[in-house]
Number of protein chains: 2
Amino acid sequence: MAEPLTPTEMAGWRAYIESSQLLMTQLEEDMRAESGLTFNDYHVLVLLSEAPDGRLRMGELASRLVFSPSRLTYQIGSMEKRGLVARESCPEDRRGSEAVLTAEGLRTLREAAPHHLRSVRANFMDGLDETEIAVLTRVFTRLGERLRAERVAQ
Amino acid sequence: MAEPLTPTEMAGWRAYIESSQLLMTQLEEDMRAESGLTFNDYHVLVLLSEAPDGRLRMGELASRLVFSPSRLTYQIGSMEKRGLVARESCPEDRRGSEAVLTAEGLRTLREAAPHHLRSVRANFMDGLDETEIAVLTRVFTRLGERLRAERVAQ
DNA sequence: GCCAGTTGGTTCAAATCTGAAATAGAGCTA
DNA sequence: TAGCTCTATTTCAGATTTGAACCAACTGGC
């Protein structure tokens with residue numbers, strides 16, 4: 001078997017991985033400076049705000065965030081302390097619990113979103129033209145679908 | 001000022017960020033299962049193996065990994081315990097120290113690399129055609145250059 | 001109904017990561 | 001060369017993350 005990656009592929013891979021690291025760090029820093037939130041905090045708020053009734057089962061949230069169960073327990077606990085979400089036990093399945101967006105959480109999200117999106121634009125989107133955005137969207141949408149499918153199948 | 005991101009941009013952004021999360025998690029898991037290494041461990045080994053004489057100053061390594069100084073201190077300490085790298089104090093500047101790849105570290109890298117690269121191919125590259133790879137490479141190379149430049153300028 | 005086997009979440013100890021000090025040496029200027 | 005400022009790295013305490021173990025509640029087969 002030949003090299004697992006051609007030089008061209010290797011270059012693409014390295015560029016992607018290293019720049020993504022850089023981008024994440026930058027966005028994290030901006031978010032912290034502007035809103036005092038973590039990227040994870042923000043992502044939880046977004047997902048909850050989009051869910052019907054502002055609530056999601058822990059498992060569902062964990063799977064969308066790609067978080068381990070214990071990590072999500074901690075994350076929600078931390079956000080609960082800060083009043084951004086509440087935890088309610090689930091009526092249909094008494095093993096389960098749900099995270100619910102609070103008014104304070106929604107307010108925090110509304111306040112943070114424009115700053116964050118501006119940061120995304122400045123650090124990422126502004127460098128791309130329309131064709132590139134289209135390719136990225138296509139590539140990563142497909143990638144996500146593939147990986148999610150495999151993940152379910154183990 | 002209008003919305004900071006158009007719906008098209010937003011879709012691209014979400015696809016990128018969520019799929020990247022998924023991809024990283026998958027690669028991490030594969031790496032751990034196949035080599036008992038962390039993605040960070042691996043990246044350190046790669047950077048050192050490419051450096052002249054297999055050694056790099058802590059600061060240089062931190063900057064390439066996008067690690068905080070204290071994080072790198074910890075990371076190298078951990079790898080030192082496992083015999084993958086050694087730490088030597090720097091002759092030219094006695095404040096500094098360098099991380100040096102050990103024979104054991106090089107052996108570990110050689111053993112891990114094919115598994116990892118196969119995982120990168122299977123989870124990422126195989127889904128892309130040549131045009132897409134070219135676009136990704138171009139986009140992320142440019143992004144990296146931009147972000148690094150801004151990072152230096154504060 | 002009653003188990004055995006799953007599932008959904010939490011808990012726990014250990015590992016890792018973070019930002020703010022602390023250290024120590026370099027380098028410049030008077 | 002003494003005194004200042006800056007730089008490279010480590011240390012420290014606290015926050016987060018990890019994987020394994022645990023607990024309770026659901027489910028299906030008998």
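The structure displayed is predicted, hence computed values, not measured ones. Below, all heavy atoms of this structure are taken into account, side chains as well, without hydrogens, waters or symmetry copies. Residue numbers start from 1 in every chain, and the chains themselves are labelled A, B, ... in the order their sequence lines are given, proteins ahead of strands.
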**OP:** Kindly indicate whether the side chain of A:Ser97 and the base of C:dG8 share any N or O donor-acceptor pair separated by less than 3.5 Å?
**Re:** no
Original post:
In whole Å, what is the span from the CG atom of A:Asn40 to the C1' atom of C:dC17?
Top reply: 13 Å
Original post:
According to the interplanar angle, ranging from 0 to 90°, do the rings of B:His43 and B:Phe39 count as parallel (below 30°), tilted (30 to 60°) or perpendicular (above 60°)?
Top reply: perpendicular
Subject >> No-H, no-angle donor-acceptor pair, A:Ser70 side chain to D:dG19 base, under 3.5 Å >> reply: yes
**OP:** Look at atom CZ of A:Arg110 and say whether more than 12 heavy atoms of other residues, nucleotides or ligands are closer to it than 6.0 Å.
**Re:** no
**OP:** For A:Arg95 and for A:Ser78, find the nucleotide of DNA chain D with the closest heavy atom, then tell me which residue's nucleotide is more 5'.
**Re:** A:Ser78
**OP:** Look at the side chain of B:Arg87 and decide which nucleotide, out of D:dT10, C:dG9, C:dG25, has an atom nearest to it.
**Re:** D:dT10
Original post:
Mapping A:Tyr74 and A:Pro91 onto DNA chain D by nearest heavy atom, which one lands closer to the 5' end?
Top reply: A:Tyr74
**OP:** Determine whether the side chains of B:Ser20 and A:Tyr16 contain a donor N or O and an acceptor N or O closer than 3.5 Å.
**Re:** yes
Subject >> Side-chain donor/acceptor of B:Arg71 to base of C:dT18, under 3.5 Å >> reply: no
**OP:** Find the distance B:Met58:CE to C:dA24:P and express it as a whole number of Å.
**Re:** 17 Å
Original post:
In whole angstroms, how far is the P atom of D:dA15 from the CG atom of A:Asp41?
Top reply: 14 Å
Original post:
Quick one: B:Arg57 CZ to C:dA26 P, roughly how many Å, whole number?
Top reply: 10 Å
Original post:
Got a second to check how far B:Leu5's CG is from A:Met125's CE, nearest 0.5 Å?
Top reply: 6.0 Å
Original post:
Expressed in angstrom and rounded to an integer, what is the separation of A:Phe67 atom CZ from D:dT17 atom C1'?
Top reply: 9 Å
